[in-house]
Structures are given as structure tokens and as C-alpha cells.
**Student:** 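Structure in C-alpha cells, see below.
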Amino acid sequence: MINTEAEARPLLGVFWMFVTGLCFVAVTALVKYLGDDMPAAQSAFLRYALGLVFLLPMLSSLRAVTFTRQSLTFFGLRGLLHALGVILWFYAMTQISLAEVTAMNYLSPIYITLGAALFLGEKLAMRRIIAVIMAFIGALIILRPGLREISPGHVAMIGTAILFAASYLMAKRMSGQVNASVVVGMLSITVTICLAPFAFAVWVPPSATQLFWLFWVAAFATAGHFSMTLAFAAAPVTLTQPVTFLQLVWAVILGAVVFGEGVDLFVVLGGVVIMSSVLFITWREAVLRRQARRAQAAE
């Protein structure tokens, strides 16, 4: 069989996105396993503080940057928003099922689409409006307001998706000004600093076991972001994005087998609807980019 680079790279992209999904599900499973013995703010702080060790390779890039007062303020604001999102996410993990957390996390790209239109001046075309409507229908299928009680964990996940979307939009704004490693490194530093006062306000002495597992949470999260970067570099987003839906599959299986959570078909259906809207946006944007490049080449 001929194994050309053109054939190998898409397979490599799918592989790295598959690894990304496993890493992120491992993060949610470990946080779920730790439970609520430790306050959410403290768990989030320790996860980022322990993860600072993974920033060592980025120190040279960070030292080379000349930060202005404006850029530091911007980094700090992003860190605060992301820190609040992380606290809500850790709290949600103790309140609702793995599948619900994973499915509702798919809402972030939808909020990013809305935020880009509202704050970055991007055009909200009909295809995006349709995708946004589909995603909110998916969220309603999961939440089923009026048919069951919406728990604080569900509200927390909605807040998480909004805050993470805001963080992503700020990263997009900064990406043209500084190196990507600086954006990632400063996020970890500022989130750790912003989480510190919340954590110390509710601090309980952590056990060695809790610190051990939180270190692995940080390790899997870092590995997931790294493998996702490799996936994006190896293959188009339209090819790798569908693989992320497997995270919901893993979450449902883990929740049922390890944590004894029932399989909620409404959550699975809602997750499918939300993910379908994300895939639709991704596919249409890729098609339009290809058409624009062809038009430029023709000119």
C-alpha cells in the first residue's frame, strides 16, 4: 500500500484528536472521582498550581515578551473570566453526570459564534443563526425545563460555557499580537493567581491522595491541549472535529460503568443535536474558506 504524506496526515489528525478526547474525558472522570470533599475553588486552584510545572519549556518565550500595562490588564481579565469558568466547571462535576457535563460543554463554540458577532464585528450569516438555534434546541432537550428540576450544576455548566467562550474570544484577539505559547502560558499563570483568593477563602488541608490525582488532572489537561494542537496541525478541522463527539460516548460509558450513572437518552440526543450544529458551522466555514482561496488564486 502506498502511504503518502497526503494520506498519512489526515489519519494522524484523527488519531491525535482521538487522544485529545481520551485525555479530556480522563480529566472529567478524575475530577468526578475526587468528588466534593474539597471545595471546587480549591480543587481548581491546585489543578492549575500543580500544572505550572508544564510551563517550564515556555519560560524563554515568556521572558522575551515586553508586556505593556494594557496587555497585562487584558491577560489578567482573561485569567479572571477563565478562573470563574473553571470554578463553575469543577462545581458542576460534583452535581451532575459526566454525560451532562460533556454534552453541555459543546455549547462553548456556539457562544463563541455569538460573541464574535456581537464583540468582534463578525457577520452572523444565516448558516450561523441556524446552527445557534439547533444548539439551543439541543440544550433544551438536555435540560428539559418544566419536565424536571434544573439543578445548580446545570446552571453552572451554562455559565462555564459562556465564560470559556469569552476567554477564547479574548485569546483570538491576542493571537495576532503575541506568540501562541505566550497566550497559553499567561493563561495558566493568571488563572492560578485569580483562583488563589477563592481557594484560600475555603481552604481545607488537602491529602496526599488528592494532590496526586489533581496533578494527573493537570497532566491530562495539558496533554489534551497539546494533542489537540497536533491534530489541528495535521489535518483540517472539518476532519478532526467530528472525532470530538466520541468524548460524549466515553463519558456515557464511564458514567455508567464506573460511577453508576444511568444512561439518559435525552442527554445523548441533546448532545448529538448540539454537536451537529457545531459540525455544521465548522463544515460551512471550511467550504467558504476554500471557495475564497480558489477565487483569489483565479484572480
**Student:** Name all residues meeting the side chain to side chain contact (heavy atoms under 4.5 Å, CB included) criterion together with L46; count only those two or more places apart in sequence or in a different chain, and write none if there are none.
**Tutor:**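 Checked L46 against side chain to side chain contact (heavy atoms under 4.5 Å, CB included); matches are M38, Q42, W203, P206, L211, L214.
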**Student:** Is atom CZ of F259 surrounded by more than 12 heavy atoms (other residues, nucleotides or ligands) closer than 6.0 Å?
**Tutor:**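 Check passes, neighbour count above 12.
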**Student:** Applying side chain to side chain contact (heavy atoms under 4.5 Å, CB included) to F45 and I87, what does each step give before you reach the verdict?
**Tutor:** CA-CA 9 Å; F45 167 73; I87 292 174; over 6 Å; no
**Student:** Can you tell if the side chain of L80 reaches within under 4.5 Å of the side chain of T190, non-hydrogen atoms only?
**Tutor:**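 Not in contact.
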**Student:** Could you give the distance from CD1 (I137) to CD1 (I141), rounded to the nearest 0.5 Å?
**Tutor:**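 Taking CD1 in I137 and CD1 in I141, the distance rounds to 7.0 Å.
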**Student:** Using side-chain hydrogen bond (donor to acceptor under 3.5 Å, both in side chains) as the criterion, list what pairs up with S97, not counting sequence neighbours.
**Tutor:**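 Here the qualifying residues are E100.
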**Student:** Is there a chain of hydrophobic side chains (I, L, V, M, F, W, Y, each step under 4.5 Å between heavy atoms) that links L269 to L140?
**Tutor:**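 Each belongs to a different hydrophobic cluster.
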**Student:** How are the rings of W216 and F212 set relative to one another: parallel (under 30°), tilted (30 to 60°) or perpendicular (over 60°)?
**Tutor:**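 W216 vs F212 ring planes: perpendicular.
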**Student:** How many angstroms lie between atom CZ of F75 and atom OG1 of T68, to the nearest 0.5 angstrom?
**Tutor:**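 Spacing of CZ (F75) from OG1 (T68) equals 9.0 Å.
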**Student:** Above 12 or not: heavy atoms from other molecules or residues under 6.0 Å from CZ of F198?
**Tutor:**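 Counting neighbours around CZ of F198, 12 or fewer heavy atoms of other residues, nucleotides or ligands fall under 6.0 Å, so no.
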**Student:** Taking only residues two or more places apart in sequence, or in another chain, which ones meet I162 in a side chain to side chain contact (heavy atoms under 4.5 Å, CB included)?
**Tutor:**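 Once residues adjacent in sequence are excluded, the partners of I162 under the side chain to side chain contact (heavy atoms under 4.5 Å, CB included) criterion are Y111, I158.
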**Student:** Tell me which pairs pass salt bridge (Lys or Arg N to Asp or Glu O under 4.0 Å) where either residue lies in residues 18-32, with sequence neighbours left out.
**Tutor:**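 Of all non-adjacent pairs touching residues 18-32, those that pass salt bridge (Lys or Arg N to Asp or Glu O under 4.0 Å) are K32-E261.
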**Student:** Would you indicate whether Y168, at its atom OH, is surrounded by more than 12 heavy atoms from other residues, nucleotides or ligands within a distance under 6.0 Å?
**Tutor:**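 No - once you tally the heavy atoms of other residues, nucleotides and ligands closer than 6.0 Å, there are 12 at most.
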**Student:** Taking atom CZ of F280 as the centre, does the number of heavy atoms from other residues, nucleotides or ligands within less than 6.0 Å exceed 12?
**Tutor:**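 Enclosed: over 12 neighbouring heavy atoms sit under 6.0 Å from CZ of F280.
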**Student:** CG/L143 to CE/M104 distance, rounded to the nearest 0.5 angstrom?
**Tutor:**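 So the gap between those two atoms works out to 4.5 Å.
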**Student:** For G79, is there any backbone N or O sitting under 3.5 Å from a side-chain donor or acceptor partner on H82?
**Tutor:**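 Side chain of H82 to backbone of G79, a donor-acceptor pair under 3.5 Å: no, none is there.
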**Student:** Just distance, no hydrogens or angles: give the donor-acceptor pairs under 3.5 Å from side chains in residues 20-30, sequence neighbours left out.
**Tutor:**
residue: T20; atom: OG1; partner: W16; partner atom: O; Å: 2.8
residue: T20; atom: OG1; partner: S227; partner atom: OG; Å: 2.7
residue: T20; atom: OG1; partner: M228; partner atom: N; Å: 3.1
residue: T28; atom: OG1; partner: V25; partner atom: O; Å: 2.7

**Student:** Distance check, rounded to the nearest 0.5 Å: Y106 atom OH versus M157 atom CE?
**Tutor:**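 So the OH of Y106 and the CE of M157 are separated by 11.0 Å.
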**Student:** If I take atom CG from residue L248 and atom CE from residue M275, how far apart are they, to the nearest 0.5 angstrom?
**Tutor:**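 Atom-to-atom, L248:CG and M275:CE are 9.5 Å apart.
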**Student:** Taking Q247's backbone N and O only, do any of them form a donor-acceptor pair with T102's side chain (distance below 3.5 Å, no angle check)?
**Tutor:**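 No; judged by distance alone, with no hydrogens or angles, the pair does not exist.
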**Student:** Rounded to the nearest 0.5 Å, what separates atom CZ in R78 from atom CG in L81?
**Tutor:**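 With rounding to 0.5 Å, CZ (R78) is 9.5 Å from CG (L81).
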**Student:** Ignoring hydrogens and geometry, is there a side-chain-to-backbone donor-acceptor pair from S277 to V132 under 3.5 Å?
**Tutor:**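 Between the backbone of V132 and the side chain of S277 there is no qualifying donor-acceptor contact (under 3.5 Å).
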**Student:** What donor-acceptor contacts under 3.5 angstrom involve side-chain atoms of residues 49-56, with partners at least two apart or in another chain?
**Tutor:**
none

